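One structure below.
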Number of protein chains: 2
Amino acid sequence: MRLLIYKFLAEKKVAVTLSDTENAFVKADRTTLYRTIKTFVENDIVHQIDDGTGTIKYALCEVGCSCDIKTDLHLHFYCSNCNETVCLTDHKIPQINVPEGFISENVNLVVKGICNKCSSM
Amino acid sequence: MRLLIYKFLAEKKVAVTLSDTENAFVKADRTTLYRTIKTFVENDIVHQIDDGTGTIKYALCEVGCSCDIKTDLHLHFYCSNCNETVCLTDHKIPQINVPEGFISENVNLVVKGICNKCSSM
DNA sequence: TATGTAAATGCACTTCCTTTGCATTATTTT
DNA sequence: AAAATAATGCAAAGGAAGTGCATTTACATA
Ligand SMILES: [Mn+2]
Ligand SMILES: [Mn+2]
Ligand SMILES: [Zn+2]
Ligand SMILES: [Zn+2]
């Protein structure tokens, strides 16, 4: 199961929801898929993406990723036309300044708009 | 109802959930609160905040706000200690570069960490 | 190979939040 | 006052995340 799901995620170029996975593996129970992905997340194999749609999406981490805030946080792009979310792994999140007294531990940056595929149609 | 909810939001310094509003107006139905806030959102009086907690939060827009991507988008800070989300209206979101072909229409930037109140305790 | 142990799976169920349909009530307009 | 429009309350639906428990499968080792 883990190998199958890993393969599924690797072949996808976009982030997927649990439902997407469910549709791809109709014979497997939703709970199994859920817990498998959860295991991946806990072991820094997959990262979660909250793109504002209300449904968590998942994508494989880059090779060598340790989900570190300094080095691995990248920008996500959500296309409001095709509803797909892509990792822009080459676009690291810039340094964000917070007011005195605030301590930042994590940053989530989602750009919403039209993706390259949709804008060229 | 609209005046009451507006006043409630204006007095709050932090973003509130629908549940928060429900607790503040126990005599009103949650649907009414929901739809009132929805009206505010649709008329750029209130903006929605997705801070990653899974529950949408709401906050009054600044005076003169038109929810414009260029001028009005600001940073949000979610404190994982007190679970409060604040608008950092003075901290505008920096220019984000997206790859060729992508068109950005909106940006959501949430910093997660410890807020000033919690860090000073 | 047999058997005991640990891990993985499936099912049912819960919880939380958002949203909608529809009947009722209140408000505004003519 | 009557008609039209808007606001409210109740009930229910829907989606998604998460959990408890029994069962099945895989694995290690005697
Ligand atoms: Mn990503
Ligand atoms: Mn805000
Ligand atoms: Zn698209
Ligand atoms: Zn705090």
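Being a predicted model, the structure only gives us computed values, none of them experimental. Residue numbers start from 1 in every chain, and the chains themselves are labelled A, B, ... in the order their sequence lines are given, proteins ahead of strands.
- B/Glu100 pairs by the salt bridge (charged side-chain N to carboxylate O under 4.0 Å, His left out) definition with nothing, not counting sequence neighbours.
- Under 4.0 angstrom from either OP1 or OP2 of D/dG9 there lies at least one side-chain N or O belonging to B/Thr32.
- In this structure, B/Tyr58 has its ring center at least 6.0 angstrom away from the ring center of B/Phe40.
- Under the salt bridge (charged side-chain N to carboxylate O under 4.0 Å, His left out) rule, A/Lys57 has a single partner from A/Asp20, A/Asp51, A/Asp50, which is A/Asp51.
- Judged by atom type and distance alone, B/Thr31 reaches the base of D/dC10 through a side-chain donor-acceptor pair under 3.5 Å.
- Judged purely by distance below 3.5 Å, without hydrogens or angles, the side chains of B/Tyr78 and B/Asn83 pair a donor atom with an acceptor atom.
- For the salt bridge (charged side-chain N to carboxylate O under 4.0 Å, His left out) criterion with B/Glu84, the lone passing option out of B/Lys13, B/Lys112, B/Lys117, B/Lys12 is B/Lys117.
- Clustering of Ile, Leu, Val, Met, Phe, Trp and Tyr side chains at separations under 4.5 Å places B/Ile114 together with A/Ile103.
- For the pair A/Tyr34 and D/dG18, the criterion of a side-chain N or O lying under 4.0 Å from OP1 or OP2 is met.
- Each of B/Gln48 and A/Arg2 was matched to the nucleotide of DNA chain C holding its nearest heavy atom; the match closer to the 5' end belongs to A/Arg2.
- Look at B/Thr55 and you won't find any side-chain N or O under 4.0 angstrom from OP1 or OP2 of C/dC16.
- In terms of position along DNA chain D, the nucleotide closest to B/Met1 lies nearer the 5' end than the nucleotide closest to the other residue of the pair B/Met1 and B/Arg30.
- Using a 4.0 Å heavy-atom cutoff across all strands shown, B/Thr17 reaches no nucleic acid atom at all.
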Name the pairs: protein N/O against N/O of nucleotides 24-28 of chain C, kept only if under 3.5 Å.
none

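- Contacts with DNA chain C (heavy atom under 4.0 Å) in residues 35-45 of chain A: A/Arg35, A/Thr36, listed by number.
- Rounded to whole Å, the distance from CG on A/Leu3 to C1' on C/dA8 is 14 Å.
- For B/Ala59, the side-chain contact (heavy atoms from CB on, under 4.5 Å) partners are B/Ala15, B/His47, B/Ile49, B/Cys87, not counting sequence neighbours.
- Proximity of B/Asn108 to B/Val110: side-chain heavy atoms (C-beta onward) are separated by under 4.5 Å at one or more points.
- Residue B/Val26 shares its hydrophobic cluster (ILVMFWY side chains chained together at separations under 4.5 Å) with no other residue.
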